[in-house]
Amino acid sequence: MKAAVLYAPKSELVIEDIAISVPGPREVLIRTVACGVCRSDLHFIDGAFPHPMPTVPGHEAAGIVEAVGSDVAHLKVGDHVITFFTVFCGACEMCITGRPSLCIDPSTRRAKGAPPRLNLKDGTPLAPFLNLSAFAEMMLVHENACVAIDKAMPLDRAALLGCAVITGAGAIFNDSQLRPGETVAVIGCGGIGLAAINAAKIAGAGQIIAIDPVADKRALAEKLGATHSLDSSDPDLAKKVAGLTAGGVHYAIEAVGRPETAELAWTILRRGGTATILGMIAPGGEVKIAGPTFLTGKKLQGSLLGSTRFPIDMPRLVRLYLDGKLDLDTMVAERIKLEDVNDAFAKLRTGDTVRSVIEFA
């Protein structure tokens, strides 16, 4: 099958044929239909986060089950599925307390000594990328790395649910538990931020403030539900947020991944507000908060994939789309072929696009 292989950080992906294994126990083989080109991939490709090489990146995908291994309980051939990279075991402390996105149980991976799921044509094993390696015509994953969805859902839109949308929407529905009438600011209007804005509209937020330096992204944010949009480079930004909200927002969502934007999320909160950091702050980055501000009762929290309960939340997001409430169409900037993936990452680096989606034949 064809795949996009990364041999070294800060290099272009190479499109070539690779080999994929047959499904083992609790594994499913998925024909990839669509995969989003996500900024999280870029962090690894550009070397900001370390990862074993060579590997096949990609982690925001949807497809159709082609084969299942033994002991697969919840999926069958022909199912349409969304994948997610935080595969869960279902039995550890994190899973049974309702936090499957934090599961790191090794039982979901192939055992040591077992053949790798992916190989180069010369037999060199490929390191699994975030349990998925989705920039490929097929994926071989643990059954708890995907969930079956309504076949009426277009798979090119469904793919976005696998990272950007569950992260942004989950930050509103799960991490913030925003109630109607409350205020929220979203810092960064890429795919994750736009999903958070759309979810805040669905949740009935009173004011939704989009913050981004790119005018086109602020315009998209307003289309998806933002009531106000502000330029993040404005030196009076914090004062403007306080003026709009009578002292600050109830919730701030950071979707950039920089220390200064995490600090901004804290600054624009009202007393007792909560800031949720979704962006991937690179190793070595530090967030600094003035000590006396903790006396205001503010809260700062991290989140992985919006604290999503995948088998429950993802079908519900599908239903929100099918019912016309969740807008995924606006988030797709372009549909491309696998061969165009390097160009898509180049556009991501400039910050001028929301989501490129790879469509597989």
Side-chain angles (χ1 to χ4, degrees), residues 1-3 17-36 55-92 95-96 100-101 103-119 125-163 166 305 308-319 338 358-361:
M1 66 171 185
K2 288 196 180 300
D17 288 324
I18 66 170
I20 190 166
S21 183
V22 296
R26 301 201 68 189
E27 290 183 340
V28 295
L29 181 67
I30 301 167
R31 176 169 58 84
T32 313
V33 173
C35 185
T55 188
V56 174
H59 67 280
E60 188 180 75
I64 301 172
V65 176
E66 294 282 306
V68 299
S70 62
D71 304 322
V72 171
H74 305 296
L75 295 162
K76 63 184 183 302
V77 172
D79 279 347
H80 289 202
V81 296
I82 303 170
T83 61
F84 42 89
F85 64 86
T86 52
V87 55
F88 64 94
C89 71
C92 71
C95 288
I96 63 176
S101 65
C103 176
I104 55 172
D105 192 288
S107 66
T108 58
R109 307 185 191 101
R110 282 198 163 180
K112 288 185 178 180
R117 288 172 176 162
L118 300 176
N119 287 296
L126 283 158
F129 184 82
L130 301 182
N131 301 302
L132 295 176
S133 290
F135 289 162
E137 292 175 326
M138 305 285 283
M139 293 177 284
L140 182 59
V141 305
H142 189 279
E143 67 170 324
N144 285 350
C146 60
V147 60
I149 59 170
D150 190 325
K151 291 183 179 180
M153 180 70 183
L155 290 175
D156 62 332
R157 264 60 53 88
L160 302 183
L161 297 176
C163 179
I166 58 171
L305 283 184
T308 301
R309 306 158 301 166
F310 308 102
I312 298 171
D313 293 346
M314 296 184 94
R316 289 179 180 176
L317 290 174
V318 166
R319 178 46 52 191
L338 182 62
I358 300 169
E359 291 185 316
F360 294 83

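In this structure, CG on L132 lies 8.5 Å from SG on C35, to the nearest 0.5 angstrom. Atom CG of residue L29 and atom CD of residue E66 lie 6.5 Å apart, to the nearest 0.5 angstrom. Rounding to the nearest 0.5 angstrom, the gap separating the CG atom in N131 from the OG1 atom in T83 is 10.5 Å. Here the straight-line distance linking atom CZ of R319 with atom CE of M153 works out to 10.0 Å at 0.5 Å rounding. Note that the CZ atom of R309 and the CE atom of M314 stand 13.0 Å from one another [nearest 0.5 Å]. Considering OG of S21 and CD of E27, their distance stands at 7.0 Å, rounded to 0.5 Å.
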(message) Between D17 and M1, does the side chain to side chain contact (heavy atoms under 4.5 Å, CB included) criterion hold? Intermediate values first, please.
(response) CA-CA 5 Å; D17 288 324; M1 66 171 185; 5.9 Å; no
(request) Verify side chain to side chain contact (heavy atoms under 4.5 Å, CB included) between D156 and V33, making sure each step is shown before the conclusion. (result) CA-CA 7 Å; D156 62 332; V33 173; over 6 Å; no
(message) Would F310 and L305 count as a side chain to side chain contact (heavy atoms under 4.5 Å, CB included) here? Give the steps.
(response) CA-CA 10 Å; F310 308 102; L305 283 184; 3.9 Å; yes
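Taking every heavy atom of both residues into account, T308 and I166 meet most closely at OG1-O, 3.4 Å. For E60 against A159, the heavy-atom pair with the smallest separation is CG-O, 3.0 Å. When all heavy atoms of C163 and H59 are compared, the closest pair comes out as SG-NE2, 3.3 Å. Nearest heavy atoms, F88 versus P100: CB-O, 3.7 Å. In this structure, V147 and F84 approach most closely via the heavy-atom pair N-CE2, 3.9 Å. Listed here is the closest heavy atom pair of L118 and S133: CD1-CB, 3.7 Å.
The closest side-chain donor-acceptor pair between S107 and R26, if any, does not fall under 3.5 angstrom.
In summary, of the residues considered (T55, T32, L338), a side chain to side chain contact (heavy atoms under 4.5 Å, CB included) with F135 occurs for L338 alone.
Considering only heavy atoms from C-beta on, T108 comes within 4.5 Å of C89 through its side chain. Residues V87 and C103 have side chains not in contact (no heavy-atom distance under 4.5 Å, counting atoms from C-beta outward).
Residue-environment remark: CD1 (I312) exceeds the threshold of 12 foreign heavy atoms within 6.0 Å.
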Can I get a per-line list of side-chain donor-acceptor pairs under 3.5 Å for residues 75-82, giving both atom names and the distance, sequence neighbours left out?
from, atom 1, to, atom 2, distance (Å)
K76, NZ, D79, OD1, 3.0
D79, OD2, K76, N, 2.9

